[in-house]
Amino acid sequence: HRLNLAVVFHDAIAVTHPELVGAELRRDYAAYIKYLCRGDLVIAVSQQSADELKRYAAKEEIDLPKVIVCPNGASFQGERPAGSEPEDPPPIRAICVGTIDPRKNHTTLIEALDLIRRSHPSIDLQVTLFGNAYPGSENLARQVADACRNNPKLTWSQGVSDEELIKAYQGSHFSIF
């Protein structure tokens, strides 16, 4: 009995911006795409990702299975119920989910959060970063850890379970990508 296999495709960063990834990923990217294409369905996280995959596969003459787009973000059963706002509104909670690596521009996010904190101290914006450090990005990981120590409204969680991530999405007002 053969099971159908669907594979999630995030990006073609190793091809579109090779300077942002390690040599090992650049070297192994073609094999990765060939392996990915052994599935019955590829679910791209954006139209851009789907288009990049199709261009790469055509250029490398790789047969693609069906490709569909399911945008990043989350939609879970039991959305938050609408209700009246309390007199003292709760903090605004945002999450940023993904590996901590240079291509995702965490440095700019940290700078923006510091600017908001200084310019608008009455805004209670709490941001949690979810994701492990990308191999080779130790300096950025230290920078993120330092920023979390200096800004009590910024936290970084690594190695979280699916259940914890679902709760984080449900408890957030928006996500940062």
Side-chain angles (χ1 to χ4, degrees), residues 7-29 32 43-49 52 70-177:
V7 181
V8 177
F9 178 74
H10 290 272
D11 58 54
I13 199 82
V15 174
T16 59
H17 298 289
E19 70 280 6
L20 297 178
V21 300
E24 185 176 338
L25 182 59
R26 288 192 306 269
R27 182 192 70 230
D28 297 340
Y29 192 74
Y32 160 71
I43 304 169
V45 300
S46 68
Q47 188 61 55
Q48 179 177 344
S49 291
E52 288 171 354
C70 181
N72 256 337
S75 176
F76 301 104
Q77 292 179 349
E79 294 180 32
R80 288 187 301 260
S84 61
E85 290 293 319
E87 286 183 32
D88 291 323
I92 301 166
R93 286 188 279 301
I95 60 175
C96 179
V97 179
T99 55
I100 304 298
D101 67 66
R103 65 191 171 107
K104 297 193 179 171
N105 216 356
H106 290 91
T107 301
T108 301
L109 174 59
I110 290 166
E111 291 169 357
L113 293 174
D114 284 341
L115 179 62
I116 291 169
R117 187 172 59 135
R118 287 190 316 274
S119 303
H120 304 282
S122 64
I123 296 176
D124 190 4
L125 174 61
Q126 298 178 0
V127 177
T128 303
L129 307 174
F130 288 94
N132 296 325
Y134 185 77
S137 63
E138 291 79 13
N139 289 339
L140 178 59
R142 277 191 292 280
Q143 180 185 0
V144 169
D146 289 345
C148 291
R149 279 190 291 279
N150 296 326
N151 182 348
K153 297 186 181 205
L154 177 64
T155 57
W156 178 18
S157 294
Q158 301 178 62
V160 299
S161 68
D162 289 346
E163 292 78 20
E164 290 171 298
L165 195 54
I166 289 169
K167 285 180 185 177
Y169 271 110
Q170 290 173 331
S172 68
H173 295 96
F174 63 94
S175 61
I176 300 168
F177 182 74

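Predicted model, so just to flag it, every value in this text is computed and none were measured.
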Next on the checklist: Determine whether a donor-acceptor pair (N or O, by modelled atom type, separation under 3.5 Å) exists between the side chain of Ser137 and the backbone of Ile100.
Outcome noted: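 Here the side-chain-to-backbone pair exists.
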
Checklist entry - Would you find a donor on one side and an acceptor on the other, under 3.5 Å apart, between the side chain of Asn132 and the backbone of Gly159? => result yes

[atom1]-[atom2] distance between [X] and [Y], expressed to the nearest 0.5 angstrom:
X	Y	atom1	atom2	result
Ser172	Lys167	OG	NZ	14.5 Å
Asn151	Ile110	CG	CD1	9.0 Å
Leu154	Asp146	CG	CG	11.0 Å
Ile116	Ile123	CD1	CD1	6.5 Å
Leu113	Leu129	CG	CG	8.0 Å
Asp114	Asn150	CG	CG	8.0 Å

Shortest non-hydrogen separation from [X] to [Y] and the atoms involved:
X	Y	answer
Trp156	Ala141	CZ3-O, 3.5 Å
Tyr29	Ala14	CD1-CB, 3.5 Å
Arg117	Pro152	NH1-CD, 3.8 Å
Ala133	Gln158	N-OE1, 4.1 Å

Checklist entry - Do other residues, nucleotides or ligands put more than 12 heavy atoms under 6.0 Å from Gln48 CD? => result no

Less than 4.5 Å apart, any side-chain heavy atom of [X] and any of [Y]?
X	Y	value
His106	Cys96	yes
Arg93	Thr128	no
Tyr134	Leu140	no
Thr99	Lys104	yes

Next on the checklist: Leu125 vs Lys153, test: side chain to side chain contact (heavy atoms under 4.5 Å, CB included). Steps then yes/no.
Outcome noted: CA-CA 7 Å; Leu125 174 61; Lys153 297 186 181 205; 5.9 Å; no

Item to check | Summary of side chain to side chain donor-acceptor pair (under 3.5 Å) pairs that have at least one residue in residues 7-22, sequence neighbours excluded | outcome: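 Matches after skipping sequence neighbours: Asp11-Arg103.
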
Item to check | From CA spacing to verdict: side chain to side chain contact (heavy atoms under 4.5 Å, CB included), Val97, Tyr169 | outcome: CA-CA 10 Å; Val97 179; Tyr169 271 110; 3.7 Å; yes

Item to check | Gln143 vs Thr107, side chain to side chain contact (heavy atoms under 4.5 Å, CB included): CA-CA, chis, key distance, verdict | outcome: CA-CA 8 Å; Gln143 180 185 0; Thr107 301; 3.3 Å; yes

